[in-house]
Amino acid sequence: MLQSEYFIPTLKEVGSEAVIPSHQLMLKAGLVRQVAAGVFSFLPLGYRLLKKVMEIIREEMDRIGGQEFLLPALNPIEIWQQTGRVEAIGDVMFHIKNREGLVLAPTHEEIITFHARQHIKSYRNMPQIWYQIQTKFRNEPRPKSGVLRGRQFIMKDSYSLDTSWEGLDQSYEKHFHAYKRIFERCGIKFFIVGASSGAMGGSKSQEFMVESDSGEDLCVISEESGYAANLEVATSLVPPVGRIEDNFELEIFPTPNSKTIDDLVNHFGFDEKRCAKSVVYIIDSEPVLILMRGNDELNETKLSAVFNTTNIRPAESEELIRFTGADHGSIGPVNLKTKIKVVADNLLKDANGLISGANIDGYHYKNIDFKRDCHIDAYYDLRTVREGELCPFGTPLKIVKAIELGHIFKLGTKYSESLGATFLDAQGNEQPIIMGSYGIGVERVLACFIEQNHDEKGIIWKYPLIPFHAHLLGLNVIKSQVVKNTSFDIYNNLRSEGFDILFDDRDETAGVKFNDADLIGIPIQIIAGEKNIKNGLVEIKYRESGNRELVEISSLAKFLRDYYNRYETGEK
RNA sequence: CGGGGCGUAGCACAGCCCGGUUAGCGCGCCUGCUUUGGGAGCAGGAGGUCGCAGGUUCAAAUCCUGCCGCCCCGACCA
């Protein structure tokens with residue numbers, strides 16, 4: 001490719017709106033341009049790289065027997081109504097205004113299930129793995145971080161159809177390994193965490209994560225034991241509060257100006273652990289009192305999972321007073337005004353000697369015994385894990401920010417049941433198809449790679465994620481006849497040997513070419529300058545290390561072949 | 001959706017608080033000459049509805065109101 005004819009609008013500076021390295025570099029290196037909030041155009045160089053990612057994904061999906069589809073982004077809303085996801089997804093789904101009944105698909109479980117219902121009628125038709133690489137539309141409340149969170153993005157989404165739960169396990173396992181291979185081949189450092197299924201429904205799910213300050217997820221990891229989980233589902237080893245010897249009588253006492261656990265601890269000297277914090281949530285329209293130990297934070301995802309609904313929200317002040325008798329700061333499990341459901345975190349199981357609100361503003365009870373003084377409907381793990389606690393295997397855990405690259409779900413029968421996608425098993429019984437769902441954010445792969453592979457000068461691509469095999473820089477190529485003839489010969493020769501070469505034949509100064517080459521980040525730069533050419537040589541610069549060496553012009557093809565063979569044979 | 005910030009030439013910004021010449025700087029772009037291994041030099045030149053609408057004023061990029069757009073923090077995130 002002649003750079004003089006190729007559209008790579010590099011920039012010296014980008015505006016202050018780009019705050020993370022990948023966003024800045026994708027703009028500077030001429031990979032993308034923003035069109036609207038969360039909407040990007042990929043320019044030729046960027047799209048070339050995106051296609052490399054997609055090729056790797058295709059190869060690995062095909063390897064596990066995936067069949068590539070192309071499903072429509074325009075979907076009839078009716079099918080989404082049948083699975084109840086119009087409400088579940090809510091404002092995140094784009095609705096078409098001037099053609100009633102159409103929406104833009106944010107994901108494709110419904111359409112896949114629609115086709116499965118049409119044609120998968122027998123256990124003999126399964127298993128199937130269906131996938132596509134296609135544009136998704138999600139009306140994100142706040143797009144951010146360049147292509148990391150957009151309103152339109154490319155996803156590789158796949159779906160497995162199985163006759164049994166064991167079959168689903170196998171399809172899931174295949175995806176697990178395919179995803180590992182995809183991200184390993186892309187040269188990305190990642191880790192895998194147990195995750196929440198959220199409103200997707202289903203049982204098991206895992207996320208493929210890249211540690212990054214730009215990430216939107218918090219993950220709990222313990223390197224010693226290998227424990228890794230999204231904070232939404234993470235658990236830790238914390239001793240329960242338990243019971244104390246002296247079980248005194250329940251006692252009410254005034255606590256003016258003490259609305260928080262910290263206030264109680266500071267004003268009265270209580271042990272924070274023996275304070276039972278109360279929060280009230282409205283879960284599927286029903287009030288539920290939730291008791292947490294001390295200042296433990298309620299994990300809404302866990303709460304959501306326990307009650308098997310995403311329809312949860314904290315109660316308003318007015319509701320608190322109506323259901324409990326007091327406003328926040330004075331609520332507790334004893335003396336509730338109305339009979340509402342009461343659940344507590346596992347750490348509080350059967351504890352006594354507790355302090356909690358009296359459901360009278362400005363009063364608390366002490367010496368509460370959960371077994372004696374109130375009724376707890378159930379105990380669950382509801383707390384949010386904290387840094388420094390021990391993971392379930394007993395080793396210290398830490399919390400890191402991460403970008404979600406991929407997510408794999410065991411969906412089960414949620415979609416096949418709601419859409420009636422059934423088959424006849426070997427006994428002639430009608431059964432719902434058992435499904436899995438698996439996604440990869442394609443642009444995120446590129447962005448994460450750049451986050452992990454750049455320096456102050458620009459991007460550092462590594463095979464196989466390279467836009468070209470080499471960047472040929474013709475210095476003073478317009479005026480120097482020697483450089484011109486030789487560099488064009490090199491260019492034509494290497495191309496005929498099967499290499500993709502970006503040839504900087506522009507009428508630019510050497511400095512401009514060096515800086516653009518470092519910015520674009522092709523791993524090998526071939527620098528053709530007059531002096532070296534006269535000795536039959538060119539200089540090779542390795543983008544990553546900055547090391548340089550002289551190579552005979554006649555052996556350049558061999559040089560490149562050897563260089564890339566080292567990657568192919570895994571020597572590097 | 002709550003909080004904050006921004007919108008001036010292709011790009012990045014200053015000017016606005018305190019209204020008043022022909023709206024400014026750098027980069028980029030065009031022409032010519034010179035230069036040519038780390039973002040060249042000189043000379044000349046083109047390019048602006050100051051986001052949109054309304055208002056105040058003799059006079060608005062500047063003050064006021066509304067709207068739109070974009071970014072950041074938070075909430076949300078199938």
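So that the names make sense, note that chain A is the first sequence line, chain B the second, and so on, each numbered from 1. Owing to the predicted nature of the structure, the values given are computational and were not obtained by experimental measurement.
Evaluation of the ring-ring contact (aromatic ring centres under 6.0 Å, His included) rule for A:F42 yields no partner, not counting sequence neighbours. Listed by chain and number, the residues in a salt bridge (charged side-chain N to carboxylate O under 4.0 Å, His left out) with A:R149 are A:E140, A:E216 (sequence neighbours excluded). Partners of A:F488 under the ring-ring contact (aromatic ring centres under 6.0 Å, His included) rule, at least two apart in sequence or in another chain, are A:F503. Partners of A:K462 according to the salt bridge (charged side-chain N to carboxylate O under 4.0 Å, His left out) rule, which considers only residues two or more places apart in sequence or in another chain, are A:E544. By the side chain to side chain contact (heavy atoms under 4.5 Å, CB included) test, A:E530 is found to be paired with A:S480, A:V483, A:K534, residues two or more places apart in sequence or in another chain being considered. Remark: A:R142 engages no residue in a salt bridge (charged side-chain N to carboxylate O under 4.0 Å, His left out) (not counting sequence neighbours).
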Give the table of side-chain donor-acceptor pairs shorter than 3.5 Å for residues 69-78 of chain A, with sequence neighbours excluded, one pair per line with atom names and distance.
from	atom 1	to	atom 2	distance (Å)
A:N75	OD1	A:W80	NE1	3.1
A:N75	ND2	A:P72	O	3.0

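The ring pair (Phe, Tyr, Trp, His ring centres under 6.0 Å) contacts involving residues 432-454 of chain A comprise A:H175-A:Y438, A:F449-A:W461, where partners must be two or more places apart or lie in separate chains. Pairs passing the ring pair (Phe, Tyr, Trp, His ring centres under 6.0 Å) check and including a residue from residues 84-114 of chain A, sequence neighbours excluded, do not occur.
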Just by protein heavy atoms under 4.0 Å, how would nucleotides 30-36 of chain B read 5' to 3' in B, S and -?
-----BB
Per-nucleotide protein contact string for nucleotides 69-74 of chain B (B base, S sugar-phosphate only, - none; heavy atom under 4.0 Å):
-SSBBB
N/O-N/O pairs, protein side and nucleotides 25-28 of chain B side, under 3.5 Å:
from	atom 1	to	atom 2	distance (Å)
B:G26	N2	A:E13	OE2	3.0
B:C27	O3'	A:K12	NZ	3.4

